[in-house]
Engineer: 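My questions all concern the structure below.
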Amino acid sequence: MPELSKNYEPSTLESTLFESWQAAGYFQRDAAGFADAQLPPYTIVIPPPNVTGMLHMGHALNNTLQDILTRRARMQGRPTRWVVGTDHAGIATQNKVEQKLAGEGQTRFDLGREAFVEACWDWRREYGSTIISQLKAMGCSCDFSAEQFTMDPNYAEAIRKVFVDWYRAGLVYRGLRIINWCPRCTTALADDEVEHADVAAHLWHLRYPLVEPVGGVEYIVVATTRPETMLGDTGVAVNPADERYAALVAAGAKVRLPLVGREIPIFADDYVDASFGSGAVKVTPAHDPNDFEMGLRHDLEQINIFTEEAVVNTNGGAFAGQTREQARESVLAALEEQGYLDHIEEHNHSVGHCYRCDTVIEPWASEQWFVAMRQLAEPAIAAVRDGRVVFHPRRWENVYFNWMENIRDWCISRQLWWGHRIPVYYCDSCGWSDAASEDVTVCPQCGAAVRQDEDVLDTWFSSQLWPFATQGWPQDCGDLKANYPTQVLSTARDIIFLWVARMVMSSMYFLDGQVPFEDVIIHPTVLDKHGNIMSKSRGNGIDPMELIRDFGADAMRFGLAIQVTGTQDMKFDREKLKVYRNFATKIWNAARYVLMNVEDGDWQRYGSSGGLGDTGEKVAPLAATDADRWILSRLARLVAALEEDFSAYDFGAAARALYAFFWNEYCDWYIEFSKGQLALGGQARIAAQRNLVFVLDCALRLLHPMMPYITEAIWQELPHGDCRPSLMVAAWPAPADFAQYIDPAAEQTVDGLCAVVSAVRAVRARYGISPKQELDVVVRTSGEDAAATAAALLAQEPQLAGLARTASFNAAPDAAKPEQSSVTIEQGLEIYIVLEGLVDFAAERTRLQKEREKKQGELDKLSRKLANEGFLAKAAVDVVEKARADADALASELAQIDEQLASL
RNA sequence: GGGCGAUUGGCGCAGCGGUAGCGCAGGUGCUUUACACGCACAAGGUCAGCGGUUCAAAUCCGUUAUCGCCCACCA
């Protein structure tokens with residue numbers, strides 16, 4: 001029999017195992033031929049990490065969950081594929097490459113568009129596989145043989161089809177709007193790409209002098225958080241119902257804009273909240289979305305005062321050339337000097353920041369491309385409403401609905417170079433323009449040369465196609481048809497809008513109303529151990545690669561999975577992974593024990609995987625003792641529980657059940673029972689060997705999705721008889737096959753046996769009795785089946801002798817209480833341990849008295865309950881019966897204790 | 001302004017209508033021939049506060065407090 005080293009060393013095994021899996025083709029959809037074609041296929045598409053990305057804890061968690069689902073489905077025999085790839089990540093990648101160029105003293109403009117895009121491809125070739133190799137280190141069983149990229153040629157074709165179709169349908173349009181402009185990235189951003197943060201700021205109250213005083217009033221005070229934008233003001237708005245300003249509005253009063261001299265109107269608009277600030281708003285249509293709307297309503301001029309880097313342009317007169325920050329200071333200084341600054345208030349408000357570089361967003365009026373969303377949203381709302389797509393936990397559906405029902409048009413053009421270029425062509429000679437799925441070089445109307453739109457598409461415009469564009473759409477849809485919709489999408493809550501919602505919309509539009517996935521798992525956010533978000537700026541991030549190095553990939557995966565409950569956050573402390581590293585070692589050592597003790601088993605008839613015979617039959621359990629029946633019963637219950645937990649995507653519950661079964665039942669008790677049983681020889685020994693192997697084999701199968709490496713390493717050495725070459729493709733234990741092992745009688749007997757063993761151990765510990773001192777033990781059974789219980793317990797004497805070091809053991813319904821003995825009442829058993837001459841009974845008396853008080857308290861509580869007529873009348877029958885039985889049991893236990901106290 | 005999550009022994013978490021569980025840490029004792037990354041035993045909680053529903057509430061409802069997240073055009 002092979003031997004395993006004393007401690008499990010993850011780093012020595014992980015990469016070898018991974019390579020062997022990959023070489024065998026297990027990661028591709030049934031490439032190795034072990035799947036059952038009759039079963040429904042199982043597909044997951046990975047949320048594509050940015051090519052610029054490094055694995056972080058969010059990825060580690062998310063991909064652990066996806067791999068658990070993928071591996072389990074594969075073991076269930078379903079033709080399974082986990083589609084993997086990366087996202088070109090427009091802004092993120094462009095920023096990286098620009099940084100690299102900056103290090104060489106260059107800008108993208110020095111290179112020009114074509115060379116810069118080529119530099120991005122170079123960057124991708126050089127660094128883009130980092131995160132893929134990190135996924136491999138985690139043990140992720142993705143289909144790496146067909147890695148996808150959102151800039152692949154087939155993907156570009158998908159993009160063009162979507163854009164052109166939507167353009168023709170009028171869903172993609174171009175328009176002048178206030179958009180979110182990042183002056184550092186010099187591009188537009190979608191509303192969802194802006195992150196708002198509350199900042200402590202000021203509300204400056206400015207005096208705008210009237211051109212002509214009205215009724216003695218010489219100026220109007222406006223309140224603003226952005227005084228520098230006053231350079232672009234083209235109006236002052238007040239609420240129509242605001243009596244303070246009614247006269248000014250009625251008179252058609254104008255103000256002369258300080259520092260600028262422009263005459264601008266005062267007008268009334270419902271948007272203005274009379275109770276805020278001074279009740280009068282300066283209106284800057286080119287730099288504020290609300291002002292823009294008001295400007296349209298009141299026909300105001302839009303004066304853009306900033307360049308694309310947010311430097312004041314020539315419209316800012318004397319302030320031209322200053323940054324917006326400098327301009328704020330100098331404008332305020334000038335206003336104050338000229339007496340236009342009325343007063344200043346403290347004011348907190350929320351300021352938008354670029355989600356890629358955290359620069360403050362500048363609302364900016366410009367021509368951009370948009371997608372009209374309302375029409376796309378409607379079927380997507382219905383799909384979640386009627387359960388074609390289900391979120392887990394369900395509450396996230398409300399977040400989805402809330403966004404969908406208040407959806408706004410999506411700004412999809414980006415002033416970047418890295419990305420899918422907008423396929424719209426313009427002829428400057430005759431004014432023709434159109435979207436086209438094939439490149440256009442000459443104008444179809446006049447034959448002149450045409451130019452393509454300069455902008456590229458938002459990265460999310462391509463990501464929204466991920467579930468189908470990665471599976472052949474729009475060209476070769478055979479694979480797609482067979483495997484769509486996908487089963488599960490697992491992701492973080494922060495991209496429910498950016499990504500999840502848009503995938504549902506585009507999939508339903510282009511694939512005949514089909515949803516892209518059936519279940520959406522929104523996993524918790526991984527926080528640091530104090531509950532703070534992990535971030536670069538805080539420096540509190542944890543590198544999963546270090547965890548893999550220090551604890552092993554299996555321990556990391558298990559430690560993450562066990563923390564997944566329905567909650568929205570998980571605090572993560574790397575030191576806690578020690579527990580799961582210890583668990584891995586425990587599994588390893590249990591396997592060592594099994595291998596050391598099964599060499600002479602009856603393996604001749606079983607399959608060849610363990611190298612011990614070759615008839616292709618798997619090792620079957622053999623129930624010779626109640627301990628055997630007990631562990632098989634417990635295993636069957638575990639298999640059933642896991643089925644429920646996985647169906648509900650309750651990874652934490654599944655992990656806890658596995659941990660408890662393996663450690664507290666298999667190791668703590670069954671392996672201990674097996675020691676005595678092995679020593680007996682004969683059929684009992686054969687049974688123990690078979691069951692040790694069978695249960696370990698099943699446990700490894702059940703643990704494999706969470707801990708793929710250690711389970712495979714052990715399984716390869718175990719004489720389980722399964723002819724499959726890898727645990728990855730071995731069969732998942734099905735509840736239907738295990739239900740036959742459920743055996744309540746054996747469970748009751750072994751629970752009783754364990755209670756006796758624990759009672760003896762407790763007595764030894766309490767009185768300092770040597771483990772070598774053999775003790776006499778008597779158990780009195782009670783209840784209807786007292787005789788049967790006693791007989792079953794008596795049959796456990798060999799186990800008991802080994803585990804509790806008993807000299808003699810008797811169990812009977814009417815067993816006499818030995819003199820000078822300790823009594824423990826557990827599991828309905830009165831357990832007497834003879835202590836004559838061994839202990840000072842004063843201590844035992846004290847203990848018994850304490851025990852008595854406790855039991856009396858419980859009985860009092862129960863009695864009160866049973867005296868309550870409401871309880872008797874309204875509680876369920878079985879609950880009342882149980883209460884009665886418990887009360888009877890407690891009463892007799894108390895009587896026993898009293899008797900015992902009297903005898904001491 | 002809306003919505004959501006969390007609040008259970010020193011710490012990290014389960015449980016989510018019928019007498020409080022787990023793991024760490026801490027205590028005591030163990031070279032029990034798989035494992036000290038271990039074994040055994042013991043100790044530790046009025047389940048954030050208040051009110052309600054119920055025969056029965058950590059568990060359901062309302063409310064308050066604290067911490068955190070998201071959404072919203074707070075000039």
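Residue numbering restarts at 1 for every chain, and letters A, B, ... go by the order of the sequence lines.
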Engineer: Looking at K576(A) and rC24(B), is any side-chain donor or acceptor paired with a base atom of the opposite kind under 3.5 Å?
Structural biologist: no
Engineer: Salt-bridge test for D550(A) and R574(A): reply yes if a basic N is under 4.0 Å from a carboxylate O, no otherwise.
Structural biologist: yes
Engineer: For G279(A), report the nucleic acid contact type (base, sugar-phosphate, nothing); a contact means any heavy atom under 4.0 Å.
Structural biologist: base
Engineer: Let's see if you can work this out: which of rU19(B), rC4(B), rC41(B) has an atom nearest to the side-chain heavy atoms of D886(A)?
Structural biologist: rU19(B)
Engineer: Out of rG38(B), rG18(B), rC35(B), which nucleotide sits closest to the side chain of T585(A)?
Structural biologist: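 Nearest to the side-chain atoms of T585(A), counting from C-beta on, is rC35(B).
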Engineer: Using the P atoms only, state how far rG27(B) lies from rU64(B), rounded to an integer number of Å.
Structural biologist: 45 Å
Engineer: Considering the options D342(A), L257(A), V221(A), I266(A), which one meets the side-chain contact (heavy atoms from CB on, under 4.5 Å) requirement together with Y208(A)?
Structural biologist: L257(A)
Engineer: What does rC13(B) pair with, Watson-Crick or G-U, if both distances are under 3.5 Å?
Structural biologist: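 Pairing partner, where one exists within any strand: rG21(B).
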Engineer: Would you mind telling me which of rG18(B), rU19(B), rC74(B) lies closest to the side-chain atoms of F276(A)?
Structural biologist: rC74(B)
Engineer: For R592(A) and N589(A): C-alpha separation, side-chain torsions, deciding distance, then whether side chain to side chain donor-acceptor pair (under 3.5 Å) applies.
Structural biologist: CA-CA 5 Å; R592(A) 286 179 63 222; N589(A) 280 301; 2.7 Å; yes
Engineer: Can you find a heavy atom in the side chain of F572(A) that is under 4.5 Å from one in the side chain of L547(A)?
Structural biologist: yes
Engineer: Remember a base hit wins even if backbone is also touched, and classify V272(A) as base, sugar-phosphate or nothing at under 4.0 Å, heavy atoms.
Structural biologist: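 The residue V272(A) makes base contact.
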Engineer: Can you tell me how far P of rC22(B) sits from CD1 of I562(A), to the nearest Å?
Structural biologist: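 It is 14 Å, rounded to the nearest whole Å.
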Engineer: Pick base, sugar-phosphate or nothing for A653(A), based on heavy-atom distances below 4.0 Å to the nucleic acid.
Structural biologist: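 Nothing, no nucleic acid heavy atom in range.
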Engineer: Could you check whether D569(A) pairs with R493(A) (Lys NZ or Arg NE/NH1/NH2 to Asp/Glu carboxylate O, under 4.0 Å)?
Structural biologist: yes
Engineer: Would you kindly compare V399(A) and E869(A) by the position of their nearest RNA chain B nucleotide and give the one closer to the 5′ end?
Structural biologist: E869(A)
Engineer: Categorize I671(A) for me: base, sugar-phosphate, or nothing, with a 4.0 angstrom heavy-atom threshold over every strand shown.
Structural biologist: base
Engineer: For R761(A), answer base if it contacts any base atom (sugar-phosphate contacts may also be present), sugar-phosphate if it contacts only those atoms, and nothing otherwise; contact means non-hydrogen atoms under 4.0 Å.
Structural biologist: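 Answer is sugar-phosphate: R761(A) comes under 4.0 Å of backbone atoms only.
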Engineer: State which of rG38(B), rC41(B), rA75(B) makes the closest approach to the side chain of A762(A).
Structural biologist: rC41(B)
Engineer: Test for a donor-acceptor pair under 3.5 Å between the base of rA34(B) and the side chain of E672(A), counting only N and O atoms.
Structural biologist: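 Flag set: donor-acceptor pair detected.
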Engineer: If we take the P atom in both rU53(B) and rG62(B), what is their distance in whole Å?
Structural biologist: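 Each nucleotide's P atom is 15 Å from the other's.
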Engineer: Expressed as a whole number of angstroms, how long is the span from N532(A):CG to rC69(B):C1'?
Structural biologist: 13 Å
Engineer: Taking any strand in view, what nucleotide pairs with rC35(B) in a Watson-Crick or G-U wobble way, both distances under 3.5 Å?
Structural biologist: none
Engineer: Is W396(A) close enough to rC69(B) that one of its side-chain N or O atoms is under 4.0 Å from OP1 or OP2 there?
Structural biologist: no
Engineer: So which nucleotide from rC74(B), rC39(B), rG18(B) ends up closest to the side chain of H347(A)?
Structural biologist: rC74(B)
Engineer: When rounded to the nearest Å, what value does the distance between P atoms of rA58(B) and rA20(B) take?
Structural biologist: 8 Å
Engineer: Out of rG12(B), rC35(B), rA40(B), which nucleotide sits closest to the side chain of K571(A)?
Structural biologist: rG12(B)
Engineer: Tell me whether E405(A) at atom CD has more than 12 heavy atoms from other residues, nucleotides or ligands lying less than 6.0 Å away.
Structural biologist: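 More than 12 heavy atoms, drawn from other residues, nucleotides or ligands, come within 6.0 Å of this atom.
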Engineer: Does T284(A) reach a base, just sugar-phosphate, or nothing at all? Heavy atoms under 4.0 Å.
Structural biologist: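 No contact.
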Engineer: Specify the separation, in whole Å, of atom CG of N406(A) and atom C1' of rG1(B).
Structural biologist: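 For the pair N406(A) CG and rG1(B) C1', the rounded distance is 14 Å.
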Engineer: If you check the A875(A) side chain, which of rA34(B), rC55(B), rG68(B) turns out closest?
Structural biologist: rC55(B)
Engineer: Of the nucleotides rA75(B), rC35(B), rU54(B), which one has an atom closest to the side chain of D273(A)?
Structural biologist: rA75(B)
Engineer: Only pairs with both distances under 3.5 Å count, Watson-Crick or wobble alike; so what is the partner of rC74(B) in this structure?
Structural biologist: none
Engineer: State, with a plain yes or no, whether a side-chain heavy atom of S758(A) is found less than 4.5 Å away from one of T824(A).
Structural biologist: no
Engineer: If the P atom of rC47(B) is compared with that of rU8(B), how far apart are they to the nearest Å?
Structural biologist: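 After rounding to an integer number of Å, I get 11 Å for this pair.
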Engineer: Walk me through whether W588(A) and Y8(A) qualify under ring-ring contact (aromatic ring centres under 6.0 Å, His included).
Structural biologist: CA-CA 6 Å; W588(A) 188 256; Y8(A) 174 57; 5.1 Å; yes
Engineer: Would K882(A) and D886(A) pass as an ion pair if we require N to O under 4.0 Å?
Structural biologist: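 Judged by the 4.0 Å cut-off on N to carboxylate O distance, K882(A) and D886(A) do form a salt bridge.
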Engineer: From C-beta outward on Q568(A), which listed nucleotide comes closest to its side chain: rA75(B), rG68(B), rG18(B)?
Structural biologist: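 Output: rG68(B).
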Engineer: Is the shortest side-chain N/O distance from K772(A) to OP1 or OP2 of rC30(B) below 4.0 Å?
Structural biologist: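 Answer is no, no contact under 4.0 Å.
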Engineer: Using Watson-Crick or G-U wobble geometry with both distances under 3.5 Å, which nucleotide pairs with rC41(B)?
Structural biologist: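 Answer to the pairing question: rG27(B), which forms a Watson-Crick or G-U pair with rC41(B).
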Engineer: Mind calculating the distance between CG (L866(A)) and P (rA56(B)) to the nearest angstrom?
Structural biologist: 15 Å
Engineer: Give the rounded distance in Å between these two atoms: CZ of F558(A) and P of rC22(B).
Structural biologist: 17 Å
Engineer: If pairing requires Watson-Crick or G-U wobble contacts with both distances under 3.5 Å, which nucleotide is the partner of rC60(B)?
Structural biologist: rG52(B)
Engineer: How many Å lie between CG on D573(A) and C1' on rA25(B), as a whole number?
Structural biologist: 12 Å
Engineer: Using a 4.0 Å heavy-atom cut-off, does R408(A) contact any base of the nucleic acid, only the sugar-phosphate backbone, or nothing at all?
Structural biologist: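 Since only primed, P, OP1 and OP2 atoms lie under 4.0 Å of R408(A), the category is sugar-phosphate.
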Engineer: Under 4.0 Å, heavy atoms only, any strand: does A237(A) hit a base, just the sugar-phosphate, or nothing?
Structural biologist: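 Nothing, no nucleic acid heavy atom in range.
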Engineer: Determine the contact category for R805(A): base if any of its heavy atoms lies under 4.0 Å from a base atom, sugar-phosphate if only primed atoms, P, OP1 or OP2 are that close, otherwise nothing.
Structural biologist: nothing
Engineer: With heavy atoms under 4.0 Å as the rule, sort T525(A) into base, sugar-phosphate or nothing.
Structural biologist: nothing
Engineer: Considering only the P atoms, how many Å lie between rC50(B) and rG17(B), rounded to the nearest integer?
Structural biologist: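 The answer is 23 Å between these two P atoms.
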Engineer: Tell me: CG of N589(A) to C1' of rU32(B), nearest whole Å?
Structural biologist: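 After rounding, the reported distance stands at 16 Å.
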Engineer: Within the 4.0 Å heavy-atom criterion, would you say V579(A) contacts the bases, only the backbone, or no part of the nucleic acid?
Structural biologist: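 The residue V579(A) makes sugar-phosphate contact but no base contact.
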Engineer: Taking rG10(B) as the reference, what is the distance to rC70(B) when you measure between their P atoms (whole Å, please)?
Structural biologist: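 Those two atoms are separated by 31 Å.
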Engineer: Using purine N1 to pyrimidine N3 plus N6-O4 or O6-N4 for Watson-Crick, or N1-O2 and O6-N3 for G-U wobble, both under 3.5 Å, which nucleotide pairs with rC4(B)?
Structural biologist: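 Per the H-bond distance test, rG68(B).
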Engineer: Answer yes or no: does a side-chain N or O of T565(A) lie under 4.0 Å from OP1 or OP2 of rA14(B)?
Structural biologist: yes
Engineer: For the side chain of N290(A), starting at C-beta, report the closest nucleotide among rC69(B), rC73(B), rC35(B).
Structural biologist: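 So the side chain of N290(A) is nearest to rC73(B).
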Engineer: Can you measure I495(A) atom CD1 to rC71(B) atom P for me and round it to whole angstrom units?
Structural biologist: 13 Å
Engineer: Looking at every strand, decide which applies to W204(A) at a 4.0 Å heavy-atom threshold: base, sugar-phosphate, or nothing.
Structural biologist: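 Here W204(A) touches no strand at all.
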Engineer: Could you tell me whether K529(A) contacts a base, only the sugar-phosphate backbone, or nothing, with contacts defined as non-hydrogen atoms closer than 4.0 Å?
Structural biologist: nothing
Engineer: Has H523(A) got a side-chain atom pairing as donor or acceptor with V564(A)'s backbone, closer than 3.5 angstrom?
Structural biologist: no
Engineer: Under 4.0 Å between any heavy atoms, over every strand shown, what does Y271(A) touch: base, sugar-phosphate, or nothing? Just pick one.
Structural biologist: base
